[in-house]
Colleague: 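The structure under discussion is supplied below as structure tokens; questions concerning it will follow.
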Amino acid sequence: MPEEQIKKIGDLLAPSAFSVSPNYIQIGGKFARTVFLATYPRYLHTSWFSPIINLDQVFDISIFVLPKNTAAVLKQLRDQLARLQSQAMEESAQSKVRDPILETAMEDIELLRDRLQQGTDKFFELGVYITFYADSAKELDETENKLKGLLEYQLVFAKPATFRMGEGFNSTLPFNDDRLNVHTSLNTEPLSSLFPFVSFDLTSNSGILYGINTHNNSLVLFDRFSLENANAVVFGKSGGGKSYTVKLEILRSLIFGTQIIVIDPENEYKYLSDTVGGSSIKISINSDQHINPLDLPTPRPDENPADVFKSHILDLTGFLRLLFGDLTPEETAILDEALIQTYALKDISPDSDFANAEPPLLSDFQNILNGLAGAESLAIRLKKYTQGTFAGFLNRPTNVALDNQLVVFGIRDMEDELRPIAMYLILNHIWTRIRRELKKRILIVDEAWWLMKYPIGAEFLFGIAKRGRKYYLGLTTISQDIPDFLGASQGKAILSNSSVQILMRQSTSAIDILQETFKLTDAEKYYLLEARVGFGLFFLGQSHIGIRVLASYAEDQIITSDPRQLLEIEKAKDEWAKLAS
Ligand SMILES: Nc1ncnc2c1ncn2[C@@H]1O[C@H](COP(=O)(O)OP(=O)(O)OP(=O)(O)O)[C@@H](O)[C@H]1O
Ligand SMILES: [Mg+2]
């Protein structure tokens with residue numbers, strides 16, 4: 001290639017054209033204007049600048065703070081005070097009424113002189129420049145008006161850098177080059193009111209620490225139970241740090257007495273549970289811990305037992321749908337009838353007091369089905385779970401307890417085809433139990449897509465998300481399969497019923513639907529595509545921020561799932577055991 005045809009990188013990056021007008025500059029198709037803050041009121045309250053920073057506009061702000069020599073300032077103040085005093089003397093000599101403006105100015109100066117002399121205050125030159133961007137000159141005017149309105153409301157007045165737009169633009173580039181040189185003298189206290197640059201403040205006074213706000217290094221700290229609902233969703237590609245984020249939340253929530261229940265398809269939470277003294281329950285074909293699907297919910301004092309019974313039968317039909325696959329309306333009716341008969345066998349009916357009744361087993365249900373006309377095919381299909389290989393899983397009385405503060409249900413060893421069934425079973429069990437006793441709880445469903453694949457599973461999960469608030473329950477749904485999750489209407493409903501939404505690193509196949517759902521800007525889209533482990537976007541109601549999930553060393557040792565780290569921990573434990581013995 002001939003040399004003149006090789007473009008320099010600067011040429012590639014540069015805009016196609018750049019023109020400077022008296023009150024704006026044009027960069028390619030974009031218009032930009034710079035304003036500077038010209039006057040400030042006598043009193044500035046804290047965070048007066050945050051409405052500007054949180055304005056939903058693209059702009060660059062430069063703040064130049066130049067310390068002034070205290071001796072020079074003192075001399076200036078002394079001169080100024082002398083002038084004011086002589087004016088005051090003159091006025092009183094002429095027997096004029098006292099002038100409060102003059103008196104306030106003199107008091108201010110005296111106070112300032114004291115503080116400067118004592119070294120408790122300092123003087124600065126402050127220059128604040130804001131360059132904002134728009135697609136047309138008209139839009140530029142609108143933005144300027146909006147900006148000025150917000151500032152004037154606080155008695156701060158901004159002026160455009162007319163005829164100096166080039167210098168203004170350059171001053172707001174990140175080069176620390178103040179070409180505008182429009183300064184105001186301020187002492188420490190009002191100057192400090194410019195900070196912190198809290199863009200979307202997610203710091204509250206109570207709650208737990210979720211991470212660091214990557215925009216301004218402030219803390220992302222809040223109590224999810226103080227929100228509209230306490231539900232959360234965590235979406236991200238495999239390995240992005242979803243489980244890690246949630247484990248950290250578990251560890252920190254335990255301190256506040258929240259009960260945590262986890263459904264763990266990867267055996268990732270067992271180590272955490274063992275470390276903090278939680279209980280891990282293993283649900284698999286060969287496990288000796290069981291949940292009876294026919295367990296009954298206990299009605300609360302304010303609930304009608306007949307209604308509770310009916311909705312229980314409905315939930316059970318959902319469960320059976322997972323076992324049997326699709327059902328015809330006739331089959332659904334038969335199942336309904338068979339369930340009612342099965343409970344009647346044990347003297348349980350909608351009108352009876354079934355709070356302490358012993359529930360039937362699936363084999364009782366099988367017996368009823370066997371004798372019911374038209375139920376032959378259903379009876380055969382159920383056999384697999386009452387007599388066949390899977391009988392150990394579903395046909396036993398419940399013997400798991402939920403009384404620990406952290407309960408982890410591990411279903412890793414469950415056959416793939418039974419996993420959604422196990423998830424549904426466990427969720428249903430938890431749901432029936434937690435209604436008995438009101439307590440602050442978080443229920444975590446990791447790898448929720450296992451359940452979301454089935455409309456009936458998705459419906460059930462949505463039901464929990466919707467009704468959880470009444471029972472002081474926050475549901476956390478974790479999923480890596482986002483298109484599927486958001487493709488289902490229940491998935492979208494779970495999302496819109498979750499006040500907290502966390503997006504970690506995303507795959508290219510998921511990003512488009514996410515961008516559409518979360519109204520991400522292109523910059524946010526690329527941020528998520530390239531996010532490092534533990535980084536992501538955090539949505540809380542209307543605001544969203546970048547977050548970095550950060551654990552202490554000790555926390556990291558408890559929640560990591562990095563195999564290399566786990567091996568090292570195991571090794572260290574062995575060595576410690578050897579030393580101890
Ligand atoms: N904030 C973090 N700081 C340090 N290490 C992290 C952080 N987040 C995650 N990790 C590490 O990155 C790895 C993957 O994290 P994690 O298991 O949480 O991913 P995941 O999103 O749950 O993936 P999957 O969908 O496959 O379950 C783990 O080894 C974990 O220890
Ligand atoms: Mg995980």
Side-chain angles (χ1 to χ4, degrees), residues 202 208-214 217 219-221 232-253 260-275 280 406 408-414 416 419 423 442-453 475-486 491 500-511 514 527-538 545-572:
L202 293 189
I208 65 159
L209 177 68
Y210 284 81
I212 309 289
N213 185 334
T214 52
N217 287 330
L219 305 179
V220 181
L221 194 157
V233 291
V234 187
F235 288 156
K237 191 174 160 177
S238 179
K242 301 183 295 297
S243 303
Y244 192 94
T245 306
V246 169
K247 280 189 255 181
L248 197 58
E249 186 195 18
I250 296 179
L251 213 50
R252 292 172 180 172
S253 299
I260 318 259
I261 306 173
V262 188
I263 300 185
D264 173 17
E266 299 288 344
N267 237 8
E268 279 187 83
Y269 295 78
K270 187 171 183 311
Y271 183 65
L272 162 66
S273 159
D274 290 350
T275 311
S280 5
L406 173 63
V408 176
F409 286 91
I411 54 168
R412 188 190 55 183
D413 300 334
M414 191 54 105
D416 277 2
R419 244 181 222 204
M423 273 187 156
I442 296 177
L443 170 61
I444 294 157
V445 186
D446 205 339
E447 314 275 0
W449 53 272
W450 276 106
L451 199 57
M452 295 298 295
K453 280 195 293 194
L475 173 73
T476 301
T477 321
I478 308 176
S479 192
Q480 48 169 289
D481 199 339
I482 295 130
D484 267 5
F485 195 102
L486 293 177
V500 181
Q501 299 155 350
I502 306 173
L503 304 181
M504 316 283 299
R505 186 187 173 111
Q506 300 295 333
S507 63
T508 38
S509 59
I511 198 71
L514 274 179
Y527 173 74
L528 285 180
L529 282 173
E530 281 157 28
R532 278 175 287 157
V533 174
F535 283 76
L537 287 181
F538 207 96
I545 50 151
I547 189 174
R548 177 179 175 207
V549 178
L550 201 63
S552 71
Y553 174 76
E555 286 172 325
D556 182 66
Q557 297 287 301
I558 300 173
I559 61 180
T560 181
S561 54
D562 180 355
R564 195 171 46 89
Q565 260 179 300
L566 290 177
L567 270 180
E568 274 172 25
I569 295 171
E570 279 307 314
K571 216 171 97 197

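Ligands are counted one by one from 1 in listed order, and the atoms in each one are counted from 1 as well. Hydrogens, waters and symmetry mates play no part in the numbers below; they use all other heavy atoms, side chains included.
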Colleague: For Ser238, which residues count as a side-chain hydrogen bond (donor to acceptor under 3.5 Å, both in side chains) partner, sequence neighbours excluded?
Modeller: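 Ser238: no side-chain hydrogen bond (donor to acceptor under 3.5 Å, both in side chains) contacts found.
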Colleague: Please say whether more than 12 non-hydrogen atoms of neighbouring residues, nucleotides or ligands are located less than 6.0 Å from NZ in Lys453.
Modeller: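 Yes, because the 6.0 Å sphere around NZ of Lys453 holds more than 12 heavy atoms from other groups.
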Colleague: The Mg ion (ligand 2) and Tyr244: any N/O/S contact shorter than 2.8 Å?
Modeller: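 No, Tyr244 does not qualify, because none of its backbone or side-chain N, O or S atoms lies under 2.8 Å.
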Colleague: Pairs under 3.5 angstrom, nitrogen or oxygen on both sides, ligand 1 versus protein: list them out, please.
Modeller:
unit_1: ligand 1; atom_1: 1 (N); unit_2: Val549; atom_2: O; d: 2.9
unit_1: ligand 1; atom_1: 17 (O); unit_2: Ser561; atom_2: OG; d: 3.0
unit_1: ligand 1; atom_1: 18 (O); unit_2: Ser243; atom_2: N; d: 3.2
unit_1: ligand 1; atom_1: 18 (O); unit_2: Tyr244; atom_2: N; d: 2.8
unit_1: ligand 1; atom_1: 19 (O); unit_2: Gly241; atom_2: N; d: 3.3
unit_1: ligand 1; atom_1: 21 (O); unit_2: Gly240; atom_2: N; d: 3.3
unit_1: ligand 1; atom_1: 21 (O); unit_2: Gly241; atom_2: N; d: 3.0
unit_1: ligand 1; atom_1: 21 (O); unit_2: Lys242; atom_2: N; d: 2.9
unit_1: ligand 1; atom_1: 21 (O); unit_2: Lys242; atom_2: NZ; d: 2.9
unit_1: ligand 1; atom_1: 22 (O); unit_2: Ser243; atom_2: N; d: 3.0
unit_1: ligand 1; atom_1: 22 (O); unit_2: Ser243; atom_2: OG; d: 2.7
unit_1: ligand 1; atom_1: 23 (O); unit_2: Gly239; atom_2: N; d: 2.8
unit_1: ligand 1; atom_1: 25 (O); unit_2: Lys242; atom_2: NZ; d: 2.6
unit_1: ligand 1; atom_1: 25 (O); unit_2: Gln480; atom_2: NE2; d: 3.1
unit_1: ligand 1; atom_1: 26 (O); unit_2: Ser238; atom_2: OG; d: 2.6
unit_1: ligand 1; atom_1: 27 (O); unit_2: Glu447; atom_2: OE2; d: 3.3
unit_1: ligand 1; atom_1: 29 (O); unit_2: Asp562; atom_2: N; d: 3.0
unit_1: ligand 1; atom_1: 31 (O); unit_2: Thr560; atom_2: OG1; d: 2.9
unit_1: ligand 1; atom_1: 31 (O); unit_2: Ser561; atom_2: N; d: 3.3

Colleague: Tell me whether Arg419 at atom CZ has more than 12 heavy atoms from other residues, nucleotides or ligands lying less than 6.0 Å away.
Modeller: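 Yes, because the 6.0 Å sphere around CZ of Arg419 holds more than 12 heavy atoms from other groups.
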Colleague: What is the distance from atom CD of Glu570 to atom OH of Tyr271, rounded to the nearest 0.5 Å?
Modeller: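 Here the interatomic distance stands at 6.5 Å.
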Colleague: Using ring pair (Phe, Tyr, Trp, His ring centres under 6.0 Å) as the criterion, list what pairs up with Phe485, not counting sequence neighbours.
Modeller: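 Per chain and number, Phe485 pairs via ring pair (Phe, Tyr, Trp, His ring centres under 6.0 Å) with Phe235.
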Colleague: Holding to side-chain hydrogen bond (donor to acceptor under 3.5 Å, both in side chains), I want the full list of residues that pass it with Trp449, two or more places apart in sequence or in another chain.
Modeller: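 Residues passing side-chain hydrogen bond (donor to acceptor under 3.5 Å, both in side chains) with Trp449: Glu447.
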